[in-house]
Amino acid sequence: MTSPDASISRMIAISSGKGGVGKSTVASNIAVAMAEAGLAVGVVDADIYGPSIPGMLGIAGGKPSMTPEGKVIPAEAHGIKVISMAMLSDDDKPAILRGPMVTKYLQMFVRQVDWGALDVLLLDLPPGTGDIQLTLAQAFPLSGAVVVSTPQDVSLKIARRGLRMMEQVNVPILGVIENMSGFTCPSCGTVTHIFHQGGGETIAAELGVDFLGRIPLDPAVVDAGDDGAPLVRIAPSSPAAQAYRQIADRLAQSAEAVAGIVTPFAWTVTDGTGKPDPAASAPDGPPDRLAALDHDSVGLHLRWANGETQTLSDRDLRLACRCAKCRDEVTGAPLLDPATVPLDIRLTRIWSVGNYALGMAFTDGHDTGIYTFDHLQSMETAEFEDV
Ligand code: ADP
């Protein structure tokens, strides 16, 4: 398994229930606003149906260059680093890519790209809440996701579907952004609400997530995008640019407040390299988020975001493996004979799998087990823990 790039602090997905709501425009303006606020920002344009971010930022198409080590060099514009499906070679036109290929390319975009140290990596997801979006959300250790909608697009149904999709893979929704909310008069700057106002706020309230803000409908946004320069750059004092900046600030803060280990890690237990930093407990956070983990001669110590702790012995973990080699996929019957598992078996490596599971390797060479947080929490704590 490729180990994730530990130099990216947090990844945030920008999602929308449907296309054309301004998701990519929001992503590029927010990215530039975050960079202007001093953060190191990268953007992965994962919108396979219409990769538009390079155009909006004035980045020429064509294949990206490679470092001598074989890493892809991201394009740079307006202080942010960008990699896009639009940069794939002609033979790999995004439109013909299907789910597994898309995931493969995007994992490559994140892991084999010479990002350097990043504070935030924004992932512009394709619109919708289908399989491709789910696969993408699952493929990355996302700190959270943002939903962009318009006042007309007050379909709670779509927003709920998006929320449920993210919940399945343990990705918190950091908030809702309402775009094209009211019209900014080009001559006087007054914002008139053409459509009824507050749709985004209602959705946020119904879903129990934050409302991050509203961006007015402004013809200058379209011109800016067409000219390859985001509005926050060319008209920084316009109401829309101010809205982007406020949202970028809020988002940067809410992503920081997410409980649990949100940084992808690949920890070699045997020599201690790559051990994740413990995160603060957050009693209000989702209970199935991992806040800290440690390992010693007793076993693996887990602390969850709600403060609960668990100790699981290395051998119990090996015996609990649910991979296809250890458990019949159809009947669930165990295939692993406990008698073949040495009493002194030890964990050698542990790595994060998205936000919902840990991968583990053992001294018997077995490394195909994925332990979901649910599964780990259902395991009995080692009996000798209190001894
Ligand atoms: P999506 O990524 O959701 O498909 P885009 O970001 O490509 O949507 O935006 C769709 C169109 O709407 C673009 O032409 C863009 O310039 C325009 N647009 C986006 N946000 C605004 C806004 N606040 N005011 C006016 N036009 C906007």
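No hydrogens, no waters, no symmetry mates; every other heavy atom, side chains included, goes into these values.
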Nearest-0.5 Å distance, [atom1] of residue [X] to [atom2] of residue [Y]:
{"X": "Glu380", "Y": "Leu312", "atom1": "CD", "atom2": "CG", "answer": "9.5 Å"}
{"X": "Glu308", "Y": "Leu302", "atom1": "CD", "atom2": "CG", "answer": "11.5 Å"}
{"X": "Leu347", "Y": "Asp314", "atom1": "CG", "atom2": "CG", "answer": "4.0 Å"}
{"X": "Ser238", "Y": "Leu231", "atom1": "OG", "atom2": "CG", "answer": "4.0 Å"}
{"X": "Ile30", "Y": "Ile80", "atom1": "CD1", "atom2": "CD1", "answer": "11.0 Å"}
{"X": "Thr129", "Y": "Met166", "atom1": "OG1", "atom2": "CE", "answer": "9.5 Å"}

Counting only N and O atoms by type, is there a donor-acceptor contact under 3.5 Å from the side chain of [X] to the main-chain atoms of [Y]?
{"X": "Asn29", "Y": "Thr25", "answer": "yes"}
{"X": "Tyr371", "Y": "Gly359", "answer": "no"}
{"X": "Arg315", "Y": "Val341", "answer": "yes"}
{"X": "Ser15", "Y": "Val146", "answer": "yes"}
{"X": "Asp367", "Y": "Phe362", "answer": "no"}
{"X": "Asp124", "Y": "Val44", "answer": "no"}
{"X": "Ser28", "Y": "Met56", "answer": "no"}
{"X": "Thr268", "Y": "Asp271", "answer": "no"}
{"X": "Arg245", "Y": "Pro236", "answer": "yes"}
{"X": "Lys71", "Y": "Gln112", "answer": "no"}

Write down the atom of [X], the atom of [Y], and the distance for their closest heavy-atom approach.
{"X": "Ile53", "Y": "Ala27", "result": "CD1-CB, 4.0 Å"}
{"X": "Met379", "Y": "Gln310", "result": "O-NE2, 3.0 Å"}
{"X": "Arg318", "Y": "Cys326", "result": "NH1-SG, 3.4 Å"}
{"X": "Leu174", "Y": "Asp210", "result": "O-CB, 3.6 Å"}
{"X": "Pro64", "Y": "Ile83", "result": "CG-CD1, 4.3 Å"}
{"X": "Ser297", "Y": "Arg346", "result": "CA-NH2, 3.3 Å"}

Determine, stepwise, if the pair Thr368 / Lys325 fulfils side-chain contact (heavy atoms from CB on, under 4.5 Å).
CA-CA 8 Å; Thr368 45; Lys325 285 184 211 155; 4.0 Å; yes

Is there a side-chain contact between [X] and [Y] in this structure, where contact means two heavy atoms from C-beta onward sitting under 4.5 Å apart?
{"X": "Phe373", "Y": "Leu358", "value": "yes"}
{"X": "Met66", "Y": "Val72", "value": "yes"}
{"X": "Pro74", "Y": "Val82", "value": "no"}
{"X": "Arg214", "Y": "Met180", "value": "no"}
{"X": "Val120", "Y": "Leu118", "value": "no"}
{"X": "His375", "Y": "Arg322", "value": "yes"}
{"X": "Tyr244", "Y": "Val221", "value": "yes"}
{"X": "Ile14", "Y": "Leu125", "value": "no"}

Is there a path from Val32 to Val222 through hydrophobic residues (I, L, V, M, F, W, Y) whose side chains come within less than 4.5 Å of each other?
no

Hydrophobic cluster identity match, Ile215 and Leu57, side-chain contacts under 4.5 Å:
yes

Any donor-acceptor N or O pair under 3.5 Å, side chains Asp374, Thr372:
no

Between Thr67 and Asp114, do the side chains contain an N or O donor and an N or O acceptor separated by less than 3.5 Å?
no

Pair [X] + [Y], salt bridge at N-O below 4.0 Å:
{"X": "Asp47", "Y": "Lys23", "value": "yes"}
{"X": "Asp119", "Y": "Arg10", "value": "no"}
{"X": "Lys275", "Y": "Asp294", "value": "yes"}

Output, in order, the C-alpha distance, side-chain angles, deciding distance and verdict of side-chain hydrogen bond (donor to acceptor under 3.5 Å, both in side chains) for Asn179 and Thr150.
CA-CA 5 Å; Asn179 188 34; Thr150 61; over 6 Å; no

Criterion side-chain contact (heavy atoms from CB on, under 4.5 Å) on Trp304 and Leu376, from CA distance to verdict
CA-CA 11 Å; Trp304 301 98; Leu376 288 168; 4.1 Å; yes

Under the criterion side-chain contact (heavy atoms from CB on, under 4.5 Å), I'd like the reasoning laid out for Val176 against Val209: C-alpha separation, chi angles, the key distance, then a yes or no.
CA-CA 7 Å; Val176 173; Val209 300; 3.9 Å; yes

Dump the intermediate steps for side-chain contact (heavy atoms from CB on, under 4.5 Å) on Trp267 and Thr273, then the final yes or no.
CA-CA 6 Å; Trp267 174 22; Thr273 53; 6.0 Å; no

